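The structure appears below as structure tokens.
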Amino acid sequence: MRPEILFPLFTSVSTLKGVGPRVAPLVEKLAGPIVRDVLFTAPSGLIRRTTTTVDQAVENQVQTFIVTIDGHQPPHRLGQPWKIRAWDGTGFLTLVWFKGHGPHLERQHPKGARRAVSGKVERPEVFASELQIAHPDYIVAEDKAGDIPLVETVYPATHGLPSRTFRKLALEALARAPDLAEWQDAAWIEREKLPSWRDALAALHAPASEADLSPLSRPRRRLAYDELLAHQLALAQRKAARRSHPGPRIPAGPLSEAAEKALPFKLTRAQIRALSEIRGDLASGERMSRLLQGDVGSGKTVVAMLAMADAASAGFQSALMAPTEILARQHFETIAAPLEALDLSVILLTGRDKGAGRAAKLAGLAEGAHHIAVGTHALFQDDVGFRALALTIIDEQHRFGVNERRRLQEKGPANVDWGVHLLAMSATPIPRTLELTVFGDLDVSRIDEKPPGRTPVATRAVPTPRVPEIIERLRVAISGGAQAFWICPLVSESDKVYLRAAEDRAADLARHLPGVGLVHGQMPPAEKDAVMQRFVDGEVNVLVATTVVEVGVNVPNASIMVIEHADRFGLAQLHQLRGRVGRGTRESACVLLYDPPLSEVAQQRLDILRRSDDGFEIAEKDLELRGGGDPLGLKQSGFPAYRLADPVAHRDLIAVAADDARLILARDLALTSPRGQALRTLQELFDWTPTSVLNEAG
């Protein structure tokens, strides 16, 4: 239950002065629905005002002038602005107002009045003789010039809610912020020279310089660490709760050993290490919740197959769920033959299964005749039941919702006192520093080396004007039996940013090349799967696609990847796309098309791709190059929506917060000590409690 001391911060924004029915939706859109959200909205900039004269004015800067009102120019027709012409002895300045401003300006600022006016100075036309200020920030009597701030904090704004209005709301929210008992370790605060929580908030909303706006400023680092600690504490609590729940004991069994011996290759050291960690969990008697991270082609599916063989040896069933039918089918084709050679029954269950065929598969699962089920969302439908499900494996786990993952795990036996083991898999490399923000409640295994024999992918950056040359090379390669991907960022043209549309590119390529197909995210799933299957079957030579092929397509014969506007993609995404080729025996190539000239950062990113095929290294470099903001498309990848912490700028604090959280729970699991109670308040303040944390593992 939220402590009473926080109630003032958890009231509606409509309780703030001046926030009525019209303004409230704007505040909610910009910050959030409660006062706490306004309090945690950081300023975005500073305005410095200098007082000058018209003849010394600098265009596009915010400046203050002392002027005499020379006259008013009302609009002659609808849509024209109201103008005031002003004079300061050195030149004329035009003040302009659009929409909703009229005769009251003439009453407030009559001809001959002396005024202090401040705002951004502009020249409306290149050769205009007079400067203007559109919608001045301030226009006050000359004797009130001292009321115009020399330094003004800028907040995010939206139409109908200017920055200055939001600043008033932020300061009122700050006034409501209570003094709270300190939850941070005193030695840590002293060593880092950090302010108290309340002082940090006051400093956040009163920056005196650009340095104070930086996420690296001490007040911001203090607040960021508070938020990160609250989150890491919740994740650690979830992890501790999971470990308190028993899981079925699954020792390494003879079927897994036989399957491994039958493989036509040796497991890599990384695969052996990951399998050992998984087997340790399965045999521990505690319910496993582990993420298996592995680069494209690193052999995650084989490790999962051996874990499922262990489960079968112990008399249990397993389920492997993939986000698309094509990916599910590929998993099935990878594991079915090796496991069926051991007399294990493996079935594929997708949305295509209907009637008697589907009924037979469901009956076999319910009776325990099928040991392993591979499938899509069809696996967690209500009519799907297992006799002894003990291990669930979720591939590309970030593409499933929390409830979807949980529904599959709930297919375990109802009459036992243990929960189903979970192994989540991801082919998207995540930097170690950010790993804790998403997977802090999971144990993580990494397969960070690739099996021998993978064909290296030669990567080249090529300017867009050389597209005809690329098409000609494709024609030659196709005549020799090769297949190719051609990736476009958008489905149709954008009015804001010109990018070659996938539809137009497919039509263009079809004029020069045989067997061109097109897939994109707006196509019906069945139609998209049909085109992709034709590509897998070799009926399509060149597959033009948006990033829907980033995961889930294994076409060993495809040896060429062309990525258009590669400089507009993230490094991690480019690496994922490149991983679609180099899976067969053909020499493979990835062509990164770009529009010259490249920026320095874009050049560095393409250089990294050319020299490295290590997804984890690429992810770390991507982090370094992108800096703050939303690196790697974090919000779209399941990362927390932090309010004050920046996962990149504050990545050094993430590991510290995780260590602190573990130490706190080791000493005070129930958080009943004075510091523990303060930490409970911290978690409620940021909404990072064990029940509110998104359960990535289900």
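A quick note: this is a predicted structure, and the numbers were derived from the prediction, not measured.
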Q: Evaluate side chain to side chain donor-acceptor pair (under 3.5 Å) for Thr52 paired with Gln63, printing each intermediate quantity in order.
A: CA-CA 7 Å; Thr52 187; Gln63 296 177 298; 4.7 Å; no
Q: I would like to know whether Leu513 and Leu474 meet side-chain contact (heavy atoms from CB on, under 4.5 Å); could you show each step before the answer?
A: CA-CA 8 Å; Leu513 303 171; Leu474 271 180; 4.1 Å; yes
Q: I would like to know whether Leu204 and Leu644 meet side-chain contact (heavy atoms from CB on, under 4.5 Å); could you show each step before the answer?
A: CA-CA 10 Å; Leu204 177 75; Leu644 295 166; 4.1 Å; yes
Q: Apply the test side-chain contact (heavy atoms from CB on, under 4.5 Å) to residues Val531 and Met523: give CA-CA distance (whole Å), side-chain angles for both, the deciding distance (0.1 Å), then the verdict.
A: CA-CA 10 Å; Val531 176; Met523 294 169 65; 4.2 Å; yes
Q.
With salt bridge (Lys or Arg N to Asp or Glu O under 4.0 Å) as the criterion, how do Asp537 and Arg534 come out once you've worked through the C-alpha distance, each side chain's angles and the decisive distance to 0.1 Å?
A. CA-CA 5 Å; Asp537 295 340; Arg534 289 177 59 217; over 6 Å; no
Q: Give the C-alpha distance, both sets of side-chain angles, the deciding distance and a yes or no for side-chain contact (heavy atoms from CB on, under 4.5 Å) between Leu609 and Leu571.
A: CA-CA 8 Å; Leu609 278 173; Leu571 264 180; 3.5 Å; yes
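With sequence neighbours left out, the side chain to side chain donor-acceptor pair (under 3.5 Å) criterion links Arg578 to Thr459, His575. Judged as a side chain to side chain donor-acceptor pair (under 3.5 Å), and not counting sequence neighbours, the contacts of Asp55 are Thr53, Thr90. Under the salt bridge (charged side-chain N to carboxylate O under 4.0 Å, His left out) criterion, Asp137 pairs with Arg49, Arg164, not counting sequence neighbours. For Glu227, there are no salt bridge (charged side-chain N to carboxylate O under 4.0 Å, His left out) partners at least two apart in sequence or on another chain. Scored by the side-chain contact (heavy atoms from CB on, under 4.5 Å) test, Pro136 finds Leu95, Trp97, Val117, Ile133 as partners (sequence neighbours excluded).
Not a single donor-acceptor pair under 3.5 Å links the side chain of Ser163 to the backbone N or O of Pro156. Remark: side-chain polar atoms of Glu449 are paired, donor with acceptor, to backbone N or O of Ala270 under 3.5 angstrom. A donor-acceptor pair is defined here as one N or O able to donate and one able to accept, closer than 3.5 Å; no such pair exists between the side chain of His565 and the backbone of Asp595. The main-chain N or O of Gln330 is found under 3.5 Å from a side-chain atom of Thr334 such that the two form a donor-acceptor pair. Under the 3.5 Å distance criterion, the side-chain polar atoms of Gln271 are matched with a main-chain donor or acceptor of Gly299. Formation of a donor-acceptor pair under 3.5 Å by the Asn541 side chain with backbone atoms of Pro514 is found in this model. Thr324 places a side-chain N or O within 3.5 Å of a backbone atom of Leu327 that can act as its donor or acceptor partner. Distance alone, capped at 3.5 Å, places no donor-acceptor pair between the Arg580 side chain and the Val555 backbone. In terms of modelled atom types and a separation under 3.5 Å, the side chain of Glu122 and the main chain of Ala134 share no donor-acceptor contact. For the pair Arg586 (side chain) and Gln483 (backbone), a donor-acceptor distance under 3.5 Å is absent.
Taking the charged nitrogens against the carboxylate oxygens, Lys621 and Asp614 have no contact shorter than 4.0 Å, which rules out a salt bridge. A salt bridge links Arg273 and Asp448; the closest N-O separation between the charged side-chain nitrogens and carboxylate oxygens is under 4.0 Å. Between Arg473 and Glu469 there is a salt bridge, with a side-chain nitrogen of the basic residue lying less than 4.0 Å from a carboxylate oxygen of the acidic one.
The structure places CD1 of Ile394 at 13.0 Å from CG of Leu292, a figure rounded to the nearest 0.5 Å. Considering CD1 of Ile654 and CG of Asp646, their distance stands at 9.0 Å, rounded to 0.5 Å. Distance check, rounded to the nearest 0.5 Å: CD1 of Ile47 to CD of Gln61 gives 12.0 Å. The CD atom of Gln604 sits 8.5 Å away from the OG atom of Ser599 when rounded to the nearest 0.5 Å. Atom NE2 of His231 sits about 10.0 Å away from atom CG of Leu436, to the nearest 0.5 Å. Considering CE of Met425 and OG of Ser298, their distance stands at 9.5 Å, rounded to 0.5 Å.
No side-chain heavy atom of Val581 sits under 4.5 Å from any side-chain heavy atom of Ile560. The shortest side-chain heavy-atom distance between Asp37 and Arg643 falls under the 4.5 Å cut-off. For the pair Lys120/Asn60, a side-chain contact is recorded, criterion being any heavy-atom separation below 4.5 Å from C-beta on. Proximity of Leu598 to Asp567: side-chain heavy atoms (C-beta onward) are separated by under 4.5 Å at one or more points. You'll find the side chain of Thr153 reaches within 4.5 Å of the side chain of Leu46, heavy atoms only.
At most 12 non-hydrogen atoms from other residues, nucleotides or ligands lie less than 6.0 angstrom from CD of Glu600. For Leu150, the CG atom is loosely surrounded, since the number of other residues' heavy atoms within 6.0 Å does not exceed 12. Heavy atoms from other residues, nucleotides or ligands lying under 6.0 Å from CZ of Arg460 number 12 at most.
Residue pairs that meet the salt bridge (charged side-chain N to carboxylate O under 4.0 Å, His left out) test with at least one member in residues 208-217, sequence neighbours left out, are Arg48-Glu210.
Using cut-offs of 30° and 60° for the angle between ring planes, the Tyr155 and Phe166 rings count as tilted.
Heavy atoms only, all atoms of each residue included: Leu606 and Tyr594 are closest at CD1-CD2, 4.3 Å. Shown here for Ala502 and Thr546, the closest heavy-atom pair between the two residues is CB-CG2, 4.2 Å. Residue Arg610 comes nearest to Ala461 through the heavy atom pair NH1-CB, 3.6 Å, listed as atom of the first residue, atom of the second, then distance. Between Val542 and Trp486, the closest heavy-atom pair is CG1-CB, 4.4 Å. Minimum interatomic distance between Arg123 and Glu59 (heavy atoms only, all atoms of both residues): NE-OE2, 2.9 Å. Across every non-hydrogen atom of Pro323 and His377, the tightest pair is O-CE1, 3.7 Å.
For Tyr642 and His650, the side-chain atoms include no donor-acceptor pair closer than 3.5 Å. A donor-acceptor contact under 3.5 angstrom links the side chains of Glu617 and Ser612, judged on distance only.
Of the candidates Glu130, Gln132, Lys83, Glu130 is the only one forming a side chain to side chain donor-acceptor pair (under 3.5 Å) with Thr94.
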